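So the structure is just underneath, and the comments pick up after that.
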Amino acid sequence: MRRSVTRHPAARDFVRRFLALDVLLGTAVVGLAFAALAEGVLDGPTWLLVVGLTTTALALLCLGAVAERGQGGGVASGLRSGGPRAYAPAVVHSVRAVQRETGRLVLDAQAADSVFAFDLTVVPEGRRPFRVEVRHPLDVQGLLHRGRAVVEYDPRQPWRVVVPNHPPGEWVARAARLDAESAHTAEGPPTGVPPGAQVLVTGVVVAVGLVGVLHLAG
Amino acid sequence: MSRKTYGLTLRGLACVLLAWQVWLVWHLSTYDVTAVAWACDGEGCGSDQFAALAPELGIASTVLLGFVAARFLHRATAGAVIALSACGAAAGWYDAVSDRRVAYDTVTDFMLVVPAGRHTVSGWLAFLWSVAAAGCFVAVWGAAVSLRRTAALRRLRGEFSTAQARLEGWRPVRGRRGEVTVVFHDTQGVRHAVPVVVDRAALDRPVLAVYDRSRPADPRRTRVAVPRRRLLRSS
């Protein structure tokens, strides 16, 4: 199991991202809430149904707020302060102006709440290239007119990517030499799942498991 | 499904669950009212049954439902949740009568935080139905105000588009309404400045222009929509 996971870095990242503490905690809370609701509906006392309804409603509300507010779905997060970072060249596919909150296209790039969305394929050393969307309020590195960029990413959590203002000269040269063939990935433009969706699905699965165990155990 | 639709769907599901809870708790508060055994001592009355604190729990659930549903119901929220609670309580009385727990002329009291007096079941039902009717009236009036202000029905029609807009100038026309010039860019990027009449509440707030895609500069087809002001960050 260990060898097959390390041979597939995407799977390792998925597992590592899943085992983050807040994701585990959220999954536990959502699972317990759904289990209480199911038990209360099936054969529980009324107070359990009321507790289940309240906690499930609050959990759904939090997940909805996270989904609307958060940036997920293929959009890169910022770097951790004090965390490891490395430079990498990247191929620029497109640059668009989007609204900061909704991610929809805007016509007026000077509008107050619009940011630039750079659709990049990052080619890091020692890993497979991956496609990501990085947002920034300014046109850093002049990427509106260039096809190559230098990004800074977190080698241990590669969904954290930023486009720095002034990358070192040798990396700029390396990016200019980047061959579009080596940046070929099978991924399309980032769409991705809304943030928090995996917590919801896993919580429901946990709840179904809990209720099943309770009923089987009598 | 976009992020916003997914988030709103979850919020809608939370509203459905809370509405179920409001109905359940209010129904229980009247259905079990004769089954509650009160133990009174010198300081007051207490009970350890769930139905005893159902009215307080009902009020709390109703308030929570109001906060969560405000995103969808806007100004109709208060009337709608009050009507829902009153209908739930009335349904509980009807079920109690049909299950022979009480009769229509049984005199009973109903603790609504403080004892609200002893009345017959028919009297309680009349009170609840009038509260429900008042709630429905307030809800319908609030819905009409919100629909008009946000131009929601117009935005749903296919030939109308929405754009962010700015208001300029103010010339009072009648009472709180005045004429302004709404400035917006349509989907082709063409700038339009159209005179419209708006309520005073539209000034100093971010507004949207709702215009006919084929005739964006026509003052008769263009409206100003005032999106709901967010009280709390989460709503």
Side-chain angles (χ1 to χ4, degrees), chain A residues 30 33-34 36-38 40-41 44-75 98-99 101-114 190-201 203-204, chain B residues 1-29 31-32 48-54 57-58 60-61 64-65 67-72 161-166 184-191 206 230 232-235:
Chain A
V30 170
F34 272 107
L37 175 62
V41 167
T46 318
W47 63 265
L48 185 63
L49 178 59
V50 169
V51 165
L53 280 172
T54 316
T55 45
T56 311
L58 289 175
L60 286 178
L61 204 58
C62 290
L63 285 174
V66 161
E68 273 190 86
R69 199 74 32 75
Q71 283 257 353
V75 178
V98 299
Q99 264 187 322
E101 293 159 353
T102 59
R104 277 199 229 133
L105 282 177
V106 292
L107 281 173
D108 182 12
Q110 316 294 333
D113 62 343
S114 75
T191 47
V193 225
Q198 57 185 109
V199 171
L200 178 65
V201 170
V204 170
Chain B
M1 191 188 273
S2 77
R3 266 190 305 124
K4 191 167 171 200
T5 316
Y6 167 79
L8 282 180
T9 311
L10 288 187
R11 199 183 181 101
L13 280 176
C15 279
V16 167
L17 290 180
L18 282 175
W20 179 9
Q21 174 169 328
V22 165
W23 180 273
L24 187 73
V25 173
W26 281 112
H27 185 277
L28 195 68
S29 72
Y31 185 76
D32 271 349
D48 58 354
Q49 277 168 292
F50 180 72
L53 49 79
L57 201 58
S61 310
L64 185 60
L65 175 64
F67 275 116
V68 175
R71 174 73 174 269
F72 302 112
S161 289
T162 313
Q164 293 205 312
R166 225 173 52 239
F184 62 96
H185 290 84
D186 67 13
T187 43
Q188 268 86 41
V190 179
R191 183 180 178 280
R230 279 139 205 236
L232 303 169
R233 282 280 297 174
S234 66
S235 59

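All chains are named by letter (A, B, ...) in the order of the sequence lines, taking the proteins before the strands, and each is independently numbered beginning at 1. On a predicted model such as this, the values are computed, not experimentally measured, just so you know.
For a residue to count as touching a neighbouring chain, one of its non-hydrogen atoms must lie under 4.5 Å from one of that chain's; by this rule B/Leu13 touches chain A with backbone and side chain alike. Only the side chain of B/Val25 comes within less than 4.5 Å of a heavy atom of chain A; its backbone N, CA, C and O stay farther away.
Closest heavy-atom contact between B/Gln21 and A/Leu53: OE1-CB, 3.3 Å. Of all non-hydrogen atoms in A/Ala57 and B/Ala14, the two that sit nearest each other are O-CB, 3.4 Å.
Among A/Leu200, A/Leu58, A/Thr56, A/Thr54, the residue making the largest number of heavy-atom pairs under 4.5 Å with chain B is A/Thr54.
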Exercise for the section: Kindly indicate, with the supporting measurements, whether the criterion side chain to side chain contact (heavy atoms under 4.5 Å, CB included) is fulfilled by B/Arg11 and A/Leu61. Expected result: CA-CA 5 Å; B/Arg11 199 183 181 101; A/Leu61 204 58; 3.7 Å; yes
